[in-house]
Every structure is written in structure tokens, then in C-alpha cells.
Amino acid sequence: MPDSQPDSSHSDSNLSQNEPKIPLRVEFSGGLELLFSNQRSHRITLPSTVPHGDGTTKPTDITYLIDWLRRNLLKERAELFTDGATVRPGILVLVNDSDWELEGEGDYQLRPGDEIVFISTLHGG
Amino acid sequence: MPDSQPDSSHSDSNLSQNEPKIPLRVEFSGGLELLFSNQRSHRITLPSTVPHGDGTTKPTDITYLIDWLRRNLLKERAELFTDGATVRPGILVLVNDSDWELEGEGDYQLRPGDEIVFISTLHGG
Amino acid sequence: MEPAKLKLEDYRRYGRQMILPGLGLPGQSKLLNASVVVVGAGGLGCPALQYLAASGVGRIGIVDHDIVELSNLQRQVLHLEENIGKSKVFSAAEAIKKLNSTCRVDTHVCAIEAANAISVLSTYDVILDCSDNPPTRYLLSDTAVKLGKPLVSGAAQMFDGQLCTYNLDMGPDLGRGPCYRCLFPQPPAPELAGSCEETGIFGAVTGVVGTLQAMEAVKIIVGMRDPGPSMLLYSAMELSPFRNIKLRSRKRDCPACGIQGGRISDLDYVTFCGGPRPNWEERGL
Amino acid sequence: MEPAKLKLEDYRRYGRQMILPGLGLPGQSKLLNASVVVVGAGGLGCPALQYLAASGVGRIGIVDHDIVELSNLQRQVLHLEENIGKSKVFSAAEAIKKLNSTCRVDTHVCAIEAANAISVLSTYDVILDCSDNPPTRYLLSDTAVKLGKPLVSGAAQMFDGQLCTYNLDMGPDLGRGPCYRCLFPQPPAPELAGSCEETGIFGAVTGVVGTLQAMEAVKIIVGMRDPGPSMLLYSAMELSPFRNIKLRSRKRDCPACGIQGGRISDLDYVTFCGGPRPNWEERGL
Ligand SMILES: [Zn+2]
Ligand SMILES: [Zn+2]
């Protein structure tokens, strides 16, 4: 299953009944929520393994989540959220209230119940 | 093993190696920490079942924890912490950030990793 | 609500908040038509009054019987050095009128007591407990229950603070949230209920809690407050300084707000809380 | 530190905080001998200045080039209506001197720019970022790194706030914590970096964050701040409004504070952040 498969193929509703699933809470703040239907909190479910290159699979990680969000939840202006395979600089990613740099960044393997937060730095005063 | 056993019998160090244990984090605030060596945060380990009346046992609950704290950690003036088998009125008990009234009060059965907080209401301004 | 009442100057003054989603012109109209009473013009009351006035609450009441002292100034940021010796109520009223002369400010230079609580508090929409002693806290809660008004209660001591809204209307199906007595049916041991004079208090701690009290009042007035009962704990010196707690519902057997409520009309609040507390000022602290 | 310098009046004024465990006479002496500069006398700077002055910080600098406008008053609580049209720095200085005439207040009526940042900020112990735009935030961080000083950074927008201390000395073994550039090597998309004029701001939100900035500065000065890198997020409308985040360490490849740091001395900060932003005031908002 190549990664260029249509967006809907990886969405919640298409998971088979028997495949292990990872329920997640995803939050956007600092203005990023404006790109996601102006909704801060989202509950999604991902498969526990995902396609990775030539017919192989990998455990679902944050890099996959970012791509999934871009393809499935993002409503506008992808360039404000992603930059290549990662998030745009200026966005902080949190894994259960820790900076993702402490957790392996994009390689962090998602676990059921994880809360992943994307925040854009604020500037007002 | 009657409940009137000397205090040290239920303490951490006396647990047998094979008995299941419940590690807990206990916090005191709002002035209650003054009764507990002026230390807010404590890590303790309790056995998973405890004596209950005539030779029977019960799963370790908050009522047991309160009694254990009174007998093992409290340094002074027990009447400011307990009232009979429960806490003194005016003290709020929290189970993982929820009011214990939502969790069964003293009958709540402790689980490994639980955080139990005792707070006294503040009055200053 | 009569949105048409806003003047051009109001649009200029409140524009930064009127463009906020969920607030807008309807929210600003609610604020301008609302009344809030702040009991205690001390460490909590000062920042609360500032932000209530700045946001455009139409009528603000201030209740206090104390005078400004030098020892207040490390936290009571509305009171200027030149007002030492004057009434806290007048000092605070003067200060917030200079911030926003369009607010109506009502002054109550008195201690709040069982005899006057209903008459002083009854004309306001929201009550802020910025007091500093257990008897007043029980009296304010019992009075808020009798009047059917929300009570935004703040407290601070040393480096810790607590914030909770009592008796909040949770909507037609759910009735009202718990009152202070539902949570604390009896007062704390007097030994643990130290005053600011006795245990100390850091100014910015009252600043954070008092400002959050103003925020809570605004959320209630504009209808943006989630109705779930909760309490916020603040510990300034902890690495993770805030903790939000999910609270119980109203207790059916509460003597104040339960199904057999109103059983406390002739209570002596000071005796209930263990008698008068020592006058630490006179003891030279 | 010379504890003997405290006057009798200081004991009376600061007594409530001097009896706090961990603060005491040594802590108060440190505060009285400390200097803090607040960049921006707006929504964040006003409450920060209030509580810094009230707590007895010996010397306070205020940097701003703006004048007070009516639209500021819904959040900038030091500025009185009568000061509309006057310099924010003088308005704020006058206000905090009335709270505490024993503080020395230094005024810097200027915009902070690459050309003056070092000279304006170098004589202070702690820098507070109470500014309102990305170029100033990068400039303050780069300057704090060059000067080896902690930067207590606050930000607020709509109903949200962020608080983080950058370049904090974590002790002899650990060196300094991350700088702003370690976290945000590139500025946000200008489309997401709306100003207060554009996206709106609620006053009490800046009040909470600015007061917390003063608290952070005090903790750093008296040596009570846990050195672990962390950021506090505030969302006023959420049921659980605060979230504390554990942050990364300093990045070895950071262009400002990394092992090859100092590579940014001739940066045009405004261009780096996507050019000047529109003047919303002139557009009539
Ligand atoms: Zn009740
Ligand atoms: Zn850096």
C-alpha cells in the first residue's frame, strides 16, 4: 500500500475491525486551530502499523500522524502547518506535555491514549 | 493481623518481596504539609490487600491509606488530619485530580501510580 | 441586553476584546449591563477590580472596612502610598475610576456581616469573595445560595492559591453547582487557617488568583464559562504550578444549598469558625 | 548582598513576604539589590511592573516608545485615562512610583532595536519580554544570550497566553537552558502571527501572564526557581486552563546560543520575520 494512496484510506472509518488501533487526542493552539476547522481538540484513531516504503510497514509514529493530519483534517493552507515531512518551523509539538525533541521527534511511536499538541508561538502583549 | 498492630508493620520496608505492591504519590497542601515534616510530596508503597476485621482482607483503599498516613507519616497533631476513620472536615481529598466524592470516597480502591492529594482550604487574601 | 446602547467611544475602548470569537458586541453589551461586587479590597480584590473595570463591567461594588496600611502595599496594588491611613474602599474606587470613568462604582465601607449581607449583595449579578477569613467565606457562600447568585471565590496563602466558583447555575437540567459548604461542611482547624499576617503571602500570588477571579466573572457574565464544577490550585514554587480539579456536585444534604437547605439563618459565623482571631497588627507584626 | 541595608520601614512594608519560608531577609535583600528591565509597558508589562515594584525590586527599567491610547485601557491597567496621548513609559513609571517610591525607576522612551539593545539591557539582572511582535522577541532572545541574562518571556493573544524563561542559568553543571531560537529557529508564518489589533486580546489574559512573569523574575532573583526548562500555556476558556510543558535543552546547533553561536549579529530582524506589519491603528481599528 503506497503512501500516495487516496487520503480516506487511512482514516478512522476504514480500519478493519480486527486491526489493532491507536486512539489519540490531538490538540491545536496558538492560532493553528484556525487551519483545522477552528476546532482545538480532535479525537482520532490510527492503525498501529502503517506502510513504509516498498511494501514494508512501520509502527505508527508522529511523522505519519503529521502527514495524516495534513491529508485528512487540515482544511486550508498546508504550507502553514507542514514543511516537507515535518511541521513548519515555529510550531512546537508536544507528546503528553513534553517537547517532542525529548521523545524522539517524528520517530516517536504513538501509543493508545497519547495526547499530541501542536502549538504556534504567540506574539501579542 | 488486627488493625491495632504496631505502626511499622505496614510500612514500605516490611512488604515481602513477592506480595503485589501499590506505589503511590501522596501530596499535602494548603498548610497540611506542616503536619508531614513540611514536605509536600511523598512517594510510598502499600500492599495490594490489607487486613479487614476478623482475619479477612480487603483491597487497599483510601480509608486504609488515611490510617496508614496517620500511623506512619504524620509527625504531629493527628486531630488536625483525621477524625475517626476519615479526614477531618475541611480537608479535600483528590484522586488523580478528581474530588474523592466522585470516586467512592474512602472505599476507592487504590491502583498503582495513583496520585492522592490532601488539601486544606485556604483563607487568606 | 440593548446592544444599541454602545457609544462610539465604547467601540474604541473595547475593540480589542469585541473582535474576540464568542464575545463580540453581545458579550460587551452583557458586560456593560452587568454588576459585580468585590468583597475585600485587598490582595485579591485589587487585581480583580482592575480587570473588571478595564473590561467594562457596568457597575462595580467594593466592600471593605479596613484602612490602607504600609504592610498592604507589597500586594494590594491599587492602593498608593499617599492613601495610607485612608479607607481601602475609597482608595480602590478612586483608582479604578481613573482607569475607566464610565464604570459606576458603588462603595460599601463596612464589614460584611450576617445582618447586612443580603442587603449589600442582593443588587449585584456576581459576587467575588476576595476576603481573608473563614467566617466571611461561609457567610458569603450562604448568602450567595440564598440570593441564587454565583460566588467566585479566591484564596491565597504563602505561595499557594485556590480558585473556585460556587453555586454556579449549570443550566436548566442540572441546577446549581456545589456551594462552599458542600465542599467544606466544617471550617478548617483554626491552627491551619492562618491569616496572611501569620503565615505570610507573596503579592504576585494574590495577583494571579485575583486576576483569574475577574476572568471567571467575565466568563460567567458573557456565558462562556463551562458549567462543570472545578477548582484551580496554584502553587507558585512548583515546577508545574497549576492543577485543575474536578469537583463533586451539590450535596443533597448540604445545610445551606441541599433539599432541606436554609437551616443556617441564625448562625454565629465567628463562633462557628472557632472564635475571633488574634489581632496580629496590635501584636506588632 | 548586604542584609543590614534594610530599613525599619522595609521590614514593615515587606514583612508579609519576609516571613515566607525560603524568602526571608536574604531573599528580600536580593530583591532590593536586583534590577529588572521590562520591555513593553502594555498588557503584559503593566501587571508585571506593578508586582515587581510592590515586591521591592530595587531598580526597574521600562522600555517602550508608544503613547497611551484609549484602545489600550481594556488591558493596560497602569495607564489612566488622563494619560491618554502621553508616553507609556512615563505613565507607567509615574504609576509604580506611587505604589513604591523606594524603587528606582529608569525610563527608556525608545523602541528596542539591534542598535541599542545591548546598551539599554546590559545593566539589568533580568529581562522581561512583554513585547508584542516577532522581531522584538528574536532580538531580545539574541541579546539575552549575548549578555548571559535570563529572559522571562510572556505572550498573549485572544484568550491564550504563553510563559517561558529562556537562557536560564541552570547551575554550574548544566549551563544555560534553551533560548527562544532553540525552540523556534524560524519565525511563525506572518499569517499566524496576528497582532492584538488584528486577532484581539482579553485584558485579564495579559494580566495573568504578566503577573506570572513578575513571579518568575522574583523566583529567579531569590534563587527559588526550579531550573528545568518548561513552558506554561494558558487558555482562559478551557475547563482546565493551564498546561505545563517540559522543554528540550539548549540546542548545540542553535545559531544564537549553540557551540557556534553568535552568528546573527548583523540580522535585520524585521525582514527575518517577514517584513513590517501593517499599521492597524491607521487603518482605523
Ligand atoms: Zn451546599
Ligand atoms: Zn538557542
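Both backbone and side-chain heavy atoms feed into the values below; hydrogens, waters and symmetry mates do not. Nothing here was measured: the structure is a model prediction, and the numbers come from that model.
Nearest approach of B:T121 to C:Y180, heavy atoms of both residues: OG1-OH, 3.3 Å.
C:K246 has its side chain out of reach of B:L94: every pair of non-hydrogen atoms, C-beta onward, lies at least 4.5 Å apart. Inter-residue side-chain proximity for C:D132 and B:H123 is flagged as unmet; no heavy-atom pair is nearer than 4.5 Å. Residues C:L233 and B:I119 are in side-chain contact: their nearest non-hydrogen atoms beyond the backbone lie under 4.5 Å apart.
For the salt bridge (charged side-chain N to carboxylate O under 4.0 Å, His left out) test, residues two or more places apart in sequence or in another chain that qualify with C:D142 are C:R181. In this structure, the salt bridge (charged side-chain N to carboxylate O under 4.0 Å, His left out) partners of B:E115, at least two apart in sequence or on a different chain, are B:R25, C:R243.
Using a 4.5 Å cut-off between heavy atoms, C:N244 touches chain B through its backbone atoms (N, CA, C, O) alone. Using a 4.5 Å cut-off between heavy atoms, C:T206 touches chain B through its side chain atoms alone. The part of B:E27 that comes within reach of chain C is its side chain, from C-beta onward, which places non-hydrogen atoms under 4.5 angstrom from that chain.
One distance of note links CZ of C:F159 with OG of B:S29; it measures 15.0 Å at 0.5 Å rounding. The CD atom of C:Q186 sits 7.0 Å away from atom CZ of B:R88, with the distance rounded to the nearest 0.5 Å. Considering CG of B:D97 and CE of C:M231, their distance stands at 12.5 Å, rounded to 0.5 Å.
Using a distance-only test at 3.5 Å, with no hydrogens or angles considered, a donor-acceptor pair links the side chain of B:D99 to the main chain of C:R248. With hydrogens and angles disregarded, a donor-acceptor distance shorter than 3.5 Å links the side chain of C:Q162 to the backbone of B:L122.
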Chi angles and distances behind the side-chain contact (heavy atoms from CB on, under 4.5 Å) call for B:L102, C:L247:
CA-CA 8 Å; B:L102 301 171; C:L247 288 184; 5.9 Å; no
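For the residue pair B:R40 and C:S235, a side-chain donor N or O sits within less than 3.5 Å of a side-chain acceptor on the partner.
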